[in-house]
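Residue numbering restarts at 1 for every chain, and letters A, B, ... go by the order of the sequence lines.
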Amino acid sequence: MHPFAYARPHDEAQAVALVAEPGSTIIAGGTELLNWLRLGITRPDNIIDIGRLPDRANIGLEDGFLTLGALATLNQIGEHPTVGEHARVLGQACLLAASAQVRNRATIGGNVLQRTRCAYFRAAEPLPWACNKRAPGTGCPARHAMNDEHAIFGWTDDCVAVHPSDPLVALAALDADVDLVSPEGARRLPVGKLHLAQQEAKAIGHDPATQETVLRHDEMITGYRVPLLPGARSAYLKVRERQSYAYALATAAAVVQMDGDTIQSIRVALGSVAQRPWRLLRAETSLPGNRLSADTVREAVQWDLDEARPLSGNAYKVRLARNTAVRAIMAAVES
Amino acid sequence: MTRSQILNDGGVAPDDPAGDTPTNQEPLAPALAVNVRLHVNGAQHAVHVSARVTLLDWLRDDLRLTGTKKGCNEGACGACTVLVNGRRMNSCLMLVAQCDGSEVTTIEGLAGPDGHLHPVQQAFIDCDAFQCGYCTPGQVLSAVACIQEGHTRSPEEVREWMSGNLCRCSAYPQITSAVLAAAEGKV
């Protein structure tokens with residue numbers, strides 16, 4: 001591990017100033033950062049430990065929102081009764097992530113900033129192959145080789161990686177906002193706008209492989225707010241190669257409001273199919289007003305999946321993602 | 001407290017036993033080595049360590065508590081599981097610096113002072129819950145926490161909440177039995 005200096009600021013003002021210094025990186029739980037350091041994915045000069053900043057692990061209700069401090073751990077969120085009552089999908093997503101040990105440390109602030117599990121990306125230095133994320137300009141071996149776990153939406157020839165977070169997918173389906181702070185002050189973004197698919201980064205003139213979020217270097221996530229939707233039911237479904245403690249092949253988060261047998265509103269996000277949660281906007285637009293049935297839902301979800309661009313090894317993901325979304329929607333309504 | 005003292009010790013006031021109480025409003029400068037105070041198996045330690053040392057390496061190499069095993073060193077196998085402030089964590093995914101003021105329990109700290117085994121240790125023996133034994137310290141500590149958390153209402157729940165501890169000998173049925181037996185007080 002490359003040497004680095006460590007500081008543990010006592011309050012947010014100190015933290016913001018230290019994080020803004022060039023060469024600084026944040027540590028909170030550290031479950032992702034320590035592996036980046038070992039692999040050489042990042043080589044910070046300074047590591048700023050925000051893990052003990054006061055009042056940043058709170059979970060509560062405030063003015064029609066569920067609020068989550070960035071330092072709340074995945075187990076704290078997953079087992080919190082208020083989350084279970086108002087955002088079941090988020091609690092489920094947190095508890096389906098990682099292991100009990102990792103969830104005791106991993107924070108909801110850091111979780112959304114974990115990086116892809118692409119095996120080419122996750123190799124130790126010296127990198128034995130090309131990777132545009134690790135060594136820009138060298139190419140993307142996954143584009144035409146081992147890509148069965150990679151993207152079916154939003155990718156470019158530069159990079160076909162997906163984002164592996166579970167809670168992020170739930171937060172996106174819940175229309176949550178993320179709160180950020182920097183020396184320039186605070187700002188708030190929809191969670192769904194935090195990450196960029198490769199095509200989106202390219203469209204705004206950034207490097208499609210390395211520009212994964214709209215975060216600036218000096219910004220820090222302080223928390224989230226999730227709007228409370230009256231009567232909404234929700235569910236998270238995760239499909240893996242083994243039953244527990246594995247990254248997903250596909251996931252779906254569904255948030256549904258019903259009026260009797262009729263769908264009143266619906267929001268669905270797919271995970272592990274793109275470099276950001278992929279909302280099924282056609283289904284979300286077309287389904288309200290329809291009577292709920294698995295056939296109706298499948299047909300609507302299929303319209304969104306018709307836009308998928310599978311790679312050489314992951315055509316299975318199109319059907320898997322469709323069926324995962326349908327099951328998540330039905331599970332939400334039945335909850 | 002002078003600025004140079006803070007610069008040299010990584011921001012931890014030497015007269016602060018918990019090590020995490022702010023005593024100074026000056027900005028803290030990042031330091032390559034830090035002072036850390038923590039308890040391991042009840043014994044207090046005050047050490048000056050490189051900022052990049054993980055809890056796992058420090059336990060094994062500096063304290064010679066080699067019961068905590070280094071398996072994958074990336075949080076995938078659970079062999080390095082210890083209890084930090086009573087909660088199970090992968091010691092390979094934590095810096096010692098982050099443990100300042102913490103209470104750590106390793107496998108060496110579970111048995112009583114007279115050598116009487118912890119009920120979970122006894123349950124692992126009674127149920128033959130290991131073969132090579134390399135994953136066992138992590139399994140046992142994870143099981144202690146799993147029982148304290150109350151995630152032992154069924155074999156399925158035990159398997160789910162113990163999934164962060166891999167056993168390449170595949171003693172999973174016996175491990176599940178041991179956790180359930182210890183949880184039910186049948187040891």
Side-chain angles (χ1 to χ4, degrees), chain A residues 1-11 13-19 21 23-25 27-39 44-52 54 73 75-76 79 95-96 98-106 117 122 124 240 242-247, chain B residues 6 10-12 19-34 49-54 57 73-78 80-85 87-98 100-101 138 141-142 145-146 149-151 156 159-166:
Chain A
M1 212 183 280
H2 186 72
F4 54 80
Y6 170 95
R8 190 168 64 239
H10 297 305
D11 60 39
Q14 284 181 335
V16 167
L18 286 167
V19 167
E21 296 285 326
S24 288
T25 288
I27 194 168
T31 56
E32 171 73 327
L33 183 67
L34 292 200
N35 285 333
W36 291 357
L37 298 174
R38 291 184 181 114
L39 296 172
D45 298 319
N46 302 316
I47 288 187
I48 312 303
D49 184 357
I50 64 164
R52 297 193 201 181
T73 66
N75 268 343
Q76 284 168 345
E79 302 215 274
L95 293 187
L96 287 168
S99 69
Q101 290 97 313
V102 173
R103 293 194 300 266
N104 273 337
R105 282 202 70 73
R117 303 292 147 178
R122 290 259 164 189
R240 295 172 271 194
R242 66 181 182 203
Q243 197 175 339
S244 184
Y245 198 19
Y247 294 100
Chain B
I6 295 211
V12 180
D20 58 0
T21 311
T23 57
N24 195 300
Q25 293 308 305
E26 279 188 86
L28 300 169
L32 288 167
V34 292
V49 292
S50 169
R52 61 178 168 158
V53 175
T54 62
D57 286 341
N73 207 32
E74 62 174 28
C77 77
C80 69
T81 300
V82 297
L83 304 182
V84 180
N85 299 327
R87 287 200 293 270
R88 48 179 160 164
M89 296 181 179
N90 304 94
S91 59
C92 74
L93 294 183
M94 311 176 66
L95 300 172
V96 185
Q98 292 175 284
D100 192 23
L141 285 157
S142 196
C146 185
E149 293 158 11
H151 293 127
E156 292 72 27
R159 282 198 288 271
E160 171 61 29
W161 284 85
M162 288 293 292
S163 69
N165 293 83
L166 303 189

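- Of the listed residues (A:R103, A:R242, A:E32, A:Q243), the one with the most heavy-atom contacts under 4.5 Å to chain B is A:R103.
- Checked by atom type and distance alone, the side chain of A:N104 pairs as donor or acceptor with a backbone atom of B:R88 at under 3.5 Å.
- Only the side chain of A:I48 comes within less than 4.5 Å of a heavy atom in chain B; its backbone stays farther off.
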Apply the test side-chain contact (heavy atoms from CB on, under 4.5 Å) to residues B:D100 and A:R52: give CA-CA distance (whole Å), side-chain angles for both, the deciding distance (0.1 Å), then the verdict.
CA-CA 11 Å; B:D100 192 23; A:R52 297 193 201 181; 3.9 Å; yes

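- Across B:Q98, B:H151, B:E160, the residue that shares the most heavy-atom pairs under 4.5 angstrom with chain A is B:Q98.
- Under the 3.5 Å distance criterion, the side-chain polar atoms of A:R8 are left unmatched by any main-chain donor or acceptor of B:L28.
- Looking at B:D57 and A:M1, their side chains never come closer than 4.5 Å, going by heavy atoms from C-beta outward.
- For A:N75, the part lying near chain B is the side chain, with the backbone staying farther off; criterion is any non-hydrogen pair under 4.5 Å.
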What's the verdict on side-chain contact (heavy atoms from CB on, under 4.5 Å) for B:N90 and A:R105, showing C-alpha distance, side-chain angles and the deciding distance?
CA-CA 9 Å; B:N90 304 94; A:R105 282 202 70 73; over 6 Å; no

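- Between chain B and the options A:D45, A:I27, A:L33, A:L37, heavy-atom pairs under 4.5 Å are most frequent for A:I27.
- For B:C146, no part lies under 4.5 angstrom from a heavy atom of chain A.
- Ranked by heavy-atom pairs shorter than 4.5 Å toward chain A, the options B:N73, B:N165, B:T54 are led by B:N73.
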